[in-house]
**Q** 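Can you read through this structure? Questions will come right after.
Numbering of residues begins at 1 and proceeds along the displayed sequence.
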Amino acid sequence: MGGLSVRDVPRVLSIAGTDPTGGAGIQADLKSIAANGGYGMAVVTALVAQNTHGVRSVHTPPAGFLREQLDAVSDDVVIDAVKIGMLGSTEVARTVGAWLAGVRPPAVVLDPVMVASSGDRLLSRDAENALRGLLHRVDLVTPNLPELAALLEVEPAQTWERALDQGRRLSGAYNTAVLVKGGHLAGSAAPDALVMPGGDGLTVSEFSSARVETKNTHGTGCSLSSAVATLFARTGSWVSALGAAKAWLQEALETADLLEVGTGHGPVNHFAGPWQRGLAPLPLPSGTGVPPRGERTAGLWSRTADVRERIASLDFVRGLGDGSLDQAVFARYLAQDAIYLRGYARALSRASELAPTLQEQLFWAESASGALEAELELHRNWLHANTAGGGLPGTGKAPADPAEGLAAGPVTRGYLDHLLGTDRHRGDRLEYARLVGAVLPCFWVYAEAGAALAAGNHASHPYREWLDTYADPAFAAATARAVGILEDVLAGDDAQRRAAGEAFALSVQWEHDFFAAG
């Protein structure tokens, strides 16, 4: 192929059929390319009417139009890698082969769509021969075991050793790298191997991952091959690209059931990792409260309405809103709140430990980190700037821990005993339900108070930073996420609902007492 130029964001072209449910074909390819750091483009070889249960019909546009699509892309865009999927006919395969010969992209990955999951052959003998003719023009071919056997015109391998032998035969015959995939074999592991030709003969690099027990594997082959093409264009190494692609796909498979797409064999969760690690929640408009996320959280919110009304009428809250609150009173409140936040972070960490999903685990862990970093920083700065002797002796610097040397008051101790569960429920499931209910009011009551007090905030308000924090759209978005988790917990059995509901109501009362003690 042409000369490779490694790029941070490679331009990757998918040549494949469609899947209107988004799990396979060019739709899966574009998601995989984006999830692995590339810019995806697509040329359609076939329009496929299918869903998670199977293919209903296929419409193949004229080969001349296919060539027009290919030329339109390559005449304008520098292509760093190509992934080829469903071709479907002899004419389509030959058209793609002629385009490859003229354009010579620097990296080409072929996922040979030849055999259905049922074992039925999808191509005529002439079309299979035309597909084999492409093997001399590609850098990597990624067949499943039935397709590997079909390319060699032998019976499918029943053992991993036999599969590796077939991979070596195909690589040697066509002088191209072969990804041997062991997903069709039985066992708890899902082995893969990269067989590569070289000056000293064939080299084999083996990879293995735990088999994921899920029916939602639709488009796995499409997704893996396009991910490898993208990552090779980013790294220049097939071995590195495959290792990274397998790690990404493992994560996408492990979270596939969360998507709930279709009633058959659903898709993998292409963006699980990017969403969990880097996608910030959509902020709610500034100064708005956080609504319930369903009937169950609405019921709890209504159940605690009288306590929340009493919170809003407290002298502390009114003085905080209009700025008349005595700073010495606020300093005492902040000192107790700093002690509280350390215990609250431990409760959030415990929720992360018990969380049933990776998304919830990450959310609670990030919330714990935020309580210890961002919120304590606000406490530290305010106490240092607004109280006498707030700095470290002889330095004038704020102490690292604003709660250092302070004793918890009776309300703080009581609230923390409640959060940290001195009388723990039996079993992680009930303990998690109790924890979610217990930690929620510190999100939700503060978000409601922040929305109510935001109208009176202004640039010279003595507690402006404090009001900004709890009226912040990002905090409202985090609260909305937490309320959604509570709604899901309340959908559990009676014991879970009781544990979460009782803990929630008691925490709202503790919030009232905490403000009142200030």
**Q** Any donor-acceptor pair under 3.5 Å linking the side chain of Arg11 with the backbone of Val78?
**A** yes

**Q** On the 0 to 90° scale, with breaks at 30° and 60°, tag the Tyr432-Trp364 ring pair as parallel, tilted or perpendicular.
**A** perpendicular

**Q** Using a strict threshold of under 4.0 Å (side-chain N to carboxylate O), is an ion pair present between Glu128 and Arg125?
**A** no

**Q** If we ignore angles and hydrogens, is there a donor and acceptor under 3.5 Å between the side chains of Ser223 and His270?
**A** yes

**Q** Donor-acceptor pairs are to be reported for all side-chain atoms of residues 86-98 against protein atoms at under 3.5 Å, with residues two or more places apart or in another chain.
**A**
| from | atom 1 | to | atom 2 | distance (Å) |
| --- | --- | --- | --- | --- |
| Ser89 | OG | Val92 | N | 3.2 |
| Thr90 | OG1 | Ala127 | N | 3.1 |
| Thr95 | OG1 | Glu91 | O | 2.8 |

**Q** Is it the case that the side chain of Thr45 and the backbone of Ala16 share a donor-acceptor pair, with hydrogens and angles ignored and the cut-off at 3.5 Å?
**A**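 It does hold such a pair.
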
**Q** For the pair Arg429 and Asp493, find out whether any cationic side-chain nitrogen is under 4.0 Å from an anionic carboxylate oxygen.
**A** yes

**Q** If only atom types and distance count, is the side chain of His218 paired as donor or acceptor with the main-chain N or O of Thr52 below 3.5 Å?
**A**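 Checked: no pair found.
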
**Q** Side-chain contact test, heavy atoms from C-beta onward, threshold under 4.5 Å: evaluate it for Val82 versus Ile15 and give yes or no.
**A** yes

**Q** Any sub-3.5 Å donor-acceptor pair from Ser171's side-chain atoms to Gly167's backbone N or O?
**A**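 Judged by distance alone, no pair lies under 3.5 Å.
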
**Q** Is the backbone N or O of Ala355 less than 3.5 Å from a side-chain atom of Gln361, with the two atoms forming a donor-acceptor pair by type?
**A**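 Checking the backbone N and O of Ala355 against the side chain of Gln361, no donor-acceptor pair under 3.5 Å is found.
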
**Q** Should Lys181 and Asp192 count as an ion pair when the cut-off is N to O under 4.0 Å?
**A** no

**Q** Gln359 side chain to Ala272 main-chain N or O, any donor-acceptor pair under 3.5 Å?
**A** no

**Q** Would you find a donor on one side and an acceptor on the other, under 3.5 Å apart, between the side chain of Ser507 and the backbone of Ala438?
**A** yes

**Q** Between Thr21 and Asn51, do the side chains contain an N or O donor and an N or O acceptor separated by less than 3.5 Å?
**A** no

**Q** Check whether any side-chain heavy atom of Met41 sits under 4.5 Å from a side-chain heavy atom of Val12, and report yes or no.
**A**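 No; the side chains remain at least 4.5 Å from each other.
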
**Q** Any salt bridge between Lys246 and Glu251, counting N to O under 4.0 Å?
**A** no

**Q** Quick one: is the NZ or CZ of Arg132 closer than 6.0 Å to the six-membered ring centre of Tyr174, and within 45° of its axis?
**A**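 No; the conditions do not both hold, so Arg132 does not lie above the ring face of Tyr174.
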
**Q** Please examine the side chains of Asp139 and Phe232, heavy atoms only from C-beta on, and report whether any two atoms are closer than 4.5 Å.
**A**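 No, every pair of side-chain atoms sits at 4.5 Å or beyond.
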
**Q** Do side-chain atoms of Gln496 reach the backbone of Val489 as a donor and acceptor pair under 3.5 angstrom?
**A**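 No; zero donor-acceptor contacts below 3.5 Å.
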
**Q** Any donor-acceptor pair under 3.5 Å linking the side chain of Arg168 with the backbone of Val195?
**A**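 Answer holds: no.
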
**Q** Is there a side chain to side chain contact (heavy atoms under 4.5 Å, CB included) between Leu194 and Val239 once you walk through the steps?
**A** CA-CA 7 Å; Leu194 184 64; Val239 174; 3.9 Å; yes

